[in-house]
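Data block below; observations after.
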Amino acid sequence: MASAVLLLLQLLLLTSLVSAAHHWGGTMNYAYKGRNPDGSYQISLRGKDTYDTCAYYHYWSCYTGNCGSATSRKLINIDSSTNTPSYESQWCQTETVETWRVPSDKPFLLRASSCCWITTRNSVSNWKLESLVDLGTRSDTGEPNRSPDIAVLPFVRIPQNCPRTYKLAASDADGDRVVCRYGNLPGVECDRCFLPSGFHLDPDSCTLRYQYTTANTYIFGLELVVEDHPRNTIDLFYSDGSSTRKYPLSANPTSPTSPPTSPLTPTPWWGWWPTTTTAAPATSPWWWMTPTHPGYPTSGSPLSKLPLQFAFLVDPAVPSCQEGLYLPQLVAPTPAEGERIMAEVNKEVEIRVRAQATHSAIQSLVVSGPANITKHKDTNNEFVLRWTPVLDDLGEHYPICFAVESVSGSSVYQSQMRCVLVEIRKEQIEATVTCTESTMKVEVDKTSLFGLQEDQLRLSDPSNTICSLDRHSNSSHIVAIVPLNECGTQIEEDDDYLIFKNEITTKEDNPNELITRKHLVEARFYCQYPKRGNVTLSFSAHRKNVTVWEKGFGTFTYQFEFYQNDQFEAKYDPNSYPLEFDIGNRIYMQLDASSSVNNTEMFVESCRASPYDNPNYHPTYSIIENGCGVDPTVQTYTPSNDRQFQFSMEAFRFIGLHDQVYISCTVMMCEAGNPNTRCSLGCSNSTRSSSFSRRRREAVVESGKHFVSQGPLRLKREADPRGGSAVNLNLNLVFVAGCLLAAVGMVCGVIIYKTKTSRVKYQPLPAYES
Ligand SMILES: *[C@@H]1O[C@H](CO)[C@@H](O)[C@H](O)[C@H]1NC(C)=O
Ligand SMILES: *[C@@H]1O[C@H](CO)[C@@H](O)[C@H](O)[C@H]1NC(C)=O
Ligand SMILES: *[C@@H]1O[C@H](CO)[C@@H](O)[C@H](O)[C@H]1NC(C)=O
Ligand SMILES: *[C@@H]1O[C@H](CO)[C@@H](O)[C@H](O)[C@H]1NC(C)=O
Ligand SMILES: *[C@@H]1O[C@H](CO)[C@@H](O)[C@H](O)[C@H]1NC(C)=O
Ligand SMILES: *[C@@H]1O[C@H](CO)[C@@H](O)[C@H](O)[C@H]1NC(C)=O
């Protein structure tokens, strides 16, 4: 009794909560999660609901059948935006992840309804959503039916003059025929129940086409329903011994070309489907015969049914509908529409989205995806979606839909909506990543790399000897210790984090081997360092010599040091790093190469300053490019030998924009005195140098390019005697903090492997041997 009262109170509370809210739409997915020890069934119910705040969610109640009840509920924000129609301040989409305990596997109906939608132009005011859940065991798969995996952005917008096709995410893991129709049961699955004019819905391909209407500050509330139907006649068996036969839809469902004459006397729900006159056994009466479902026919009834409701805004006309002008255009590396992305439990999935527009400014990304998906915008204006599946997600398929928004004046433009499908598999790669101040350590069990050995694998850029996987691997594990500034480590930065990435992949085939049947693997990993926190010694230590081994040049070592004056005798003590300079002070630098092979010379192709000494960090400040001084204060000196390079420059304001900078140079070795080398060209933009590359192994005249760096340098922190105006030193600006405790390292993505089919490969020899 007490619990009943409590439940009632809870119901009232929830109803009153949501009544006050303003609804933007919602959708639902469910998944069978196995049986409980007491024989009851467990389902996971994921409702995505959009309101004008993040606090509300749909309350699903049982309409018919024995639904059981929710045993746990988590409300997680997915995305919110203030790029909304003028009469609304924001929308927020949340995902409610609920576990339901269901007493039997018989079908049941869940409904969510209340008032009110935000003001719509198509008179949709109450929200009405209905889901059909059926856990009967399919005769074809021997498993309970899997409902379609559906998603849409909560809010889409388009200028009135730009027709656009929206491919709704609606796939089915059982391979069933998925139908996206407009709701047609008033008060049950929709409020107004007809597709506004100006739109066309193709049920079989689940595409909604916007054709033309006039702009309006109010949205259309679109009330769609997604169903799955078997492709062949199947039976659903229930644990009580009964069964239901499900028939395929006999013909292509057609979308009504005109709305029902009156929404008050709607077509019966099956009326859209041409009724089959073939054997529709009347033996088992439909289990929920109710006045709203008169004579529910067995033929044409779906396996499951889910609501898909969202807001659609038609904006004023734009001068051009061409993508890439005002409307942002999605470009590489954005995944293609419908792409299937394999994910593994506990491995982060990363989806990069990039858009361009010449007449508007790219601003934000809107996303609808599984709970705990996060979005980031990196310093290259690329959007990154990240999500890590947990064990409970194993075997599921989650659609993720996104669009990029740009602004021009007060107008907001959306790119195409794109949806991908993430399929979660079990963990295949056993690996740990450990992040330190200057390295990432990865240990991968060889069995998860199909037993591939270290000599068959490599890091992104293996040209330096310290990047060899042979150094630390043992019989059972591939072990790599990867410097943050070497071996092709990529660097990525957003407002909060610095992320260093690298990967272990299969070595390129020997080009002389024409046919190959090897596995291809790609295990990506990264270390993520939070940018805020204490400044520690991390990334502040003096860099050691760089030792390289190259065929034809043997072992050589690059040394990069800062000196106190132009005599290049007294170098700064490695323990005194980071070095501090005042603006205008001269910084003296010397690069030195020592080689085991005589008759070599060194060439400094470029030197740049950047906050991190990683060759992939952009933007950088150029000091020397193509062997030519670029910074106006650069001065070079005559060194004592061909393997030395001495130069100086004034400490520059660029340092002031960052907490500290490194000077990094790209250098190479050549055969001394040979006129056909890049070294002998000196300062030159000529790309001719590539023709000197080592085409033939016997004629090695120049080495690959190597990255050496030294630093960091800082501006003196003391109050500026000249009044502090000279230096725009903002210590609150981003800097790497060695918040190592908070550093996260992981293997991301999944291992990609495929057996190459035997095929003849015709590959040009690489320009530089690596
Ligand atoms: C989301 O993340 C939180 C905190 O990490 C976790 O407790 C929760 O289980 C996650 N939810 C889902 C549905 O993955
Ligand atoms: C190989 O290296 C891994 C990871 O460092 C370690 O756990 C394992 O004990 C090592 N195995 C042998 C045989 O040395
Ligand atoms: C920063 O350093 C101080 C002193 O060493 C320490 O007490 C504090 O916990 C540190 N803060 C963080 C975020 O690491
Ligand atoms: C770096 O190289 C120089 C010259 O090649 C050598 O004298 C010096 O000892 C090396 N430093 C370290 C730390 O190996
Ligand atoms: C390099 O030159 C030195 C001195 O000229 C000589 O002693 C040495 O043998 C030479 N080494 C090689 C490998 O040619
Ligand atoms: C090299 O190219 C840059 C821009 O492409 C130009 O500014 C510079 O003057 C060129 N330098 C030489 C030596 O040709």
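Please read these numbers as outputs of a predicted model, since none were measured by experiment. Counting convention: from 1, in listed order, for ligands and their atoms alike.
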Report yes if some N/O of N474 lies less than 3.5 Å from some N/O of ligand 2; otherwise report no.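 N/O-N/O distance under 3.5 Å: yes.
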
Pull out every atom of ligand 1 sitting under 4.0 Å from any heavy atom of K74, numbered as shown with elements.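 Listed by number with element: 8 (C), 9 (O).
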
Heavy-atom contacts with I76 under 4.0 Å: which atoms of ligand 1 show up? List them by number with element.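 Those qualifying, in numeric order: 11 (N).
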
Is there side-chain contact between Y56 and T94, with heavy atoms separated by less than 4.5 Å?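 Not in contact.
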
Would you say that K705 contacts E605 through its side chain, given a criterion of any heavy-atom pair below 4.5 Å between the two side chains?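 K705 vs E605: side chains touch.
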
Under 3.5 Å, is there a donor-acceptor pair linking the side chains of R586 and S648?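 R586 vs S648: donor-acceptor pair found between side chains.
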
Between Y588 and Y637, what is the ring plane arrangement, given parallel below 30°, perpendicular above 60°, and tilted in between?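 The arrangement is tilted - the two ring planes meet at 30° to 60°.
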
What is the closest protein heavy atom to [atom], and at what distance does it sit?
atom	result
atom 9 (O) of ligand 4	N545 ND2, 4.7 Å
atom 5 (O) of ligand 4	S594 OG, 3.8 Å
atom 7 (O) of ligand 2	H477 CE1, 4.3 Å

Do any non-hydrogen protein atoms sit less than 4.0 Å from atom 14 (O) of ligand 4?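 Given the 4.0 Å cut-off, atom 14 (O) of ligand 4 counts as touching protein heavy atoms.
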
Nearest protein heavy atom under 4.0 Å from atom 11 (N) of ligand 4, yes or no: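 Yes, at least one protein heavy atom sits under 4.0 Å from atom 11 (N) of ligand 4.
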
Q559 near ligand 4, heavy-atom distance under 4.0 Å?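 Q559 counts as a contact of ligand 4 under the 4.0 Å cut-off.
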
With a cut-off of 4.0 Å, which atoms of ligand 2 are near a heavy atom of S476?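 Answer, ordered by atom number: 1 (C), 11 (N).
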
Take Y398 and W387 through the test ring-ring contact (aromatic ring centres under 6.0 Å, His included) and record every step on the way to the result. CA-CA 11 Å; Y398 294 130; W387 180 66; 5.5 Å; yes

Testing K48, E95, R73 for side-chain hydrogen bond (donor to acceptor under 3.5 Å, both in side chains) with Y57, which one passes?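 It is R73, the one option of K48, E95, R73 that forms the side-chain hydrogen bond (donor to acceptor under 3.5 Å, both in side chains) with Y57.
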
